[in-house]
Amino acid sequence: MDLTPNDEQEALRFATIAWLEGNMPLAEARNRAPTLWSGMKEMGWLEMTRPEMGLDHATEALIFAELGRFLAPVAALSTAVAARWTGLLDTVAVALRGHVLDPVGTTSALGLFDGKAGLIEFAAESATPGLDLSTLQVRLDEMPSPSLIDEPLAALHFRLLAAAYGVGCAEAAGDMATEYAKVREQFGKPIGSFQAIKHICADMAVRSQVARSQLYYAACALDAGDADTAFYVAAAKRLADQAALENGRANIQVHGGIGMTDEAQPHLPLKRAHLLQFVAPVETADLL
């Protein structure tokens, strides 16, 4: 199993990064334009693995890790899964316990129900700020009965993409901390020259790389139909969640006092990391 991205995958990844830098900068995470969804659809990310597209989950994982790095809307996860396994090409929100995330322009949401992917229909109501500052949510008094997707791989697909988002989130926090350590000075030197800060940044890089490696392996296993794919995907999600959460905390530590302020950005990856813990979560039994 070759885990090294080929030239075509790398070209697609770099093209994705260029688009995201111009259209989805982190600085605008709280006030993104309504046209963002149409741009993402035009790029083809939301239906990459539909059979007629001819792309595999390994390529999709590469792209969704970059989307995660820019804190892209979480409904891109559910929309991509629904497009692949139900043929639904409209925007699909994410269903959590008692909440629907990114409900703009849709009344359908996808979530995991007893380990299976399923769709629910919810009433279009006024949305409020979500679990992180780049999402909106609708609170549900009662979770509607889901229409389960009759394909076990749909749940694995959803969890894989959520893991990719976690990897990107972890790397966003690491990049943010490293860049700040280069320019913030104490005692006449950049704080990145101090051993304690070096160790924090190195640990962040290691966590991100471990999570990314497992993501690649899980994606390739899903494409290959490996008998242990469910375990590999669960491991990828667990490592990605851990890396995103710990890197988010370390990023704020590197930023010091400014990292605790609303004006600065370090809290954004941390809040997204907390949210991702609840998207396609991994149970202990999944890792046994």
Side-chain angles (χ1 to χ4, degrees), residues 15-46 63-80 90-96 99-110 122 124-140 161-162 164-180 183 244-245 247-249 251-252 254-279:
T16 298
I17 293 172
W19 190 92
L20 292 170
E21 288 176 339
N23 296 274
M24 201 185 296
L26 276 180
E28 299 177 5
R30 286 180 276 190
N31 298 292
R32 285 173 170 165
T35 56
L36 181 63
W37 273 107
S38 60
M40 293 177 66
K41 288 182 177 181
E42 289 173 2
M43 292 297 291
W45 299 322
L46 306 184
I63 301 308
F64 271 74
E66 298 307 328
L67 291 174
R69 188 196 295 263
F70 287 81
L71 305 189
V74 291
L77 305 173
S78 45
T79 300
D90 295 328
T91 303
V92 177
V94 173
L96 297 181
H99 298 82
V100 169
L101 300 181
D102 284 343
V104 180
T106 183
T107 57
S108 298
L110 183 141
F122 63 96
E125 301 172 359
S126 58
T128 59
L131 301 181
D132 72 31
L133 295 178
S134 61
T135 67
L136 295 175
Q137 68 176 354
V138 168
R139 295 181 182 273
L140 301 178
L161 295 189
Y165 258 34
V167 169
C169 182
E171 293 179 342
D175 292 343
M176 199 178 291
T178 301
E179 290 304 313
Y180 185 75
V183 299
L245 198 57
N247 281 12
R249 291 167 176 164
N251 181 31
I252 289 180
V254 170
H255 279 76
I258 195 173
M260 302 296 293
T261 64
D262 182 66
E263 292 85 355
Q265 298 179 6
H267 62 97
L268 296 178
L270 180 59
K271 288 175 179 175
R272 173 54 63 89
H274 278 290
L275 182 149
L276 290 173
Q277 312 295 306
F278 300 99
V279 177

Q: To the nearest 0.5 Å, tell me how far Thr261 OG1 sits from Ile252 CD1.
A: 9.5 Å
**Q.** Thr106 side chain vs Pro103 backbone, donor-acceptor pair below 3.5 Å
**A.** no
Q: Tell me, with the steps shown, if Tyr180 and Ile258 meet side chain to side chain contact (heavy atoms under 4.5 Å, CB included).
A: CA-CA 11 Å; Tyr180 185 75; Ile258 195 173; 3.7 Å; yes
Q.
For Leu26 and Leu71: C-alpha separation, side-chain torsions, deciding distance, then whether side chain to side chain contact (heavy atoms under 4.5 Å, CB included) applies.
A. CA-CA 7 Å; Leu26 276 180; Leu71 305 189; 3.4 Å; yes
**Q.** Within-4.5 Å side-chain heavy-atom neighbours: Met40 and Pro73
**A.** yes
Q | Non-hydrogen side-chain atoms of Asn251 and Leu270 separated by less than 4.5 Å | A | no
Q: Heavy atoms only: give me the nearest Val74-Leu275 pair and the separation to one decimal.
A: CG1-CD2, 3.7 Å
Q) Minimum heavy-atom separation for Ala76 to Tyr165, with atom names? A) CB-OH, 3.4 Å
Q: Carefully, step by step, assess Asp90 and Thr79 under the rule side chain to side chain contact (heavy atoms under 4.5 Å, CB included).
A: CA-CA 7 Å; Asp90 295 328; Thr79 300; over 6 Å; no
Q) Taking all atoms of both residues into account, what is the closest heavy-atom pair of Leu77 and Leu161, and its distance? A) CD2-O, 3.4 Å
Q. Would the number of heavy atoms belonging to other residues, nucleotides or ligands and lying under 6.0 Å from CG of Asn31 be above 12?
A. no
Q. How far apart are the closest heavy atoms of Val94 and Ala75, and which atoms are they?
A. CG2-CA, 4.0 Å
Q. Between Leu136 and Val104, is any pair of side-chain heavy atoms under 4.5 Å apart?
A. yes
**Q.** Exam field: side chain His267 to backbone Asp262, donor-acceptor pair closer than 3.5 Å
**A.** yes
Q.
The test is side chain to side chain contact (heavy atoms under 4.5 Å, CB included); show your working for Val100 and Gln137 and say whether it passes.
A. CA-CA 5 Å; Val100 169; Gln137 68 176 354; over 6 Å; no
Q.
Between Leu36 and Met24, is there a side-chain heavy-atom distance shorter than 4.5 Å?
A. yes
Q: Using atom types as modelled and distance alone, determine if a side-chain donor or acceptor of Asp132 lies under 3.5 Å from a backbone N or O of Thr135.
A: yes
Q) Quick one: does His99's side chain get under 4.5 Å of Leu140's, heavy atoms only? A) no
Q | Phe278 atom CZ, over 12 foreign heavy atoms within 6.0 Å | A | no
Q. How long is the gap from OG on Ser78 to CG on Leu46, to the nearest 0.5 Å?
A. 9.5 Å
Q) Between NE2 of His274 and SG of Cys169, what distance do you get to the nearest 0.5 Å? A) 10.0 Å
Q) Should the ring pair Trp45 and Trp19 be called parallel, tilted or perpendicular, given that the plane angle runs from 0 to 90° and is split at 30 and 60? A) perpendicular
Q.
What I'd like to find out is whether the side chain of Pro269 reaches to under 4.5 Å of the side chain of Met176, using heavy atoms alone.
A. yes
**Q.** Exercise: identify the closest heavy-atom pair between Ala72 and Arg272
**A.** O-NH1, 2.9 Å
Q) Between atom CD of Glu66 and atom CD1 of Ile17, what is the distance when rounded to the nearest 0.5 Å? A) 4.0 Å
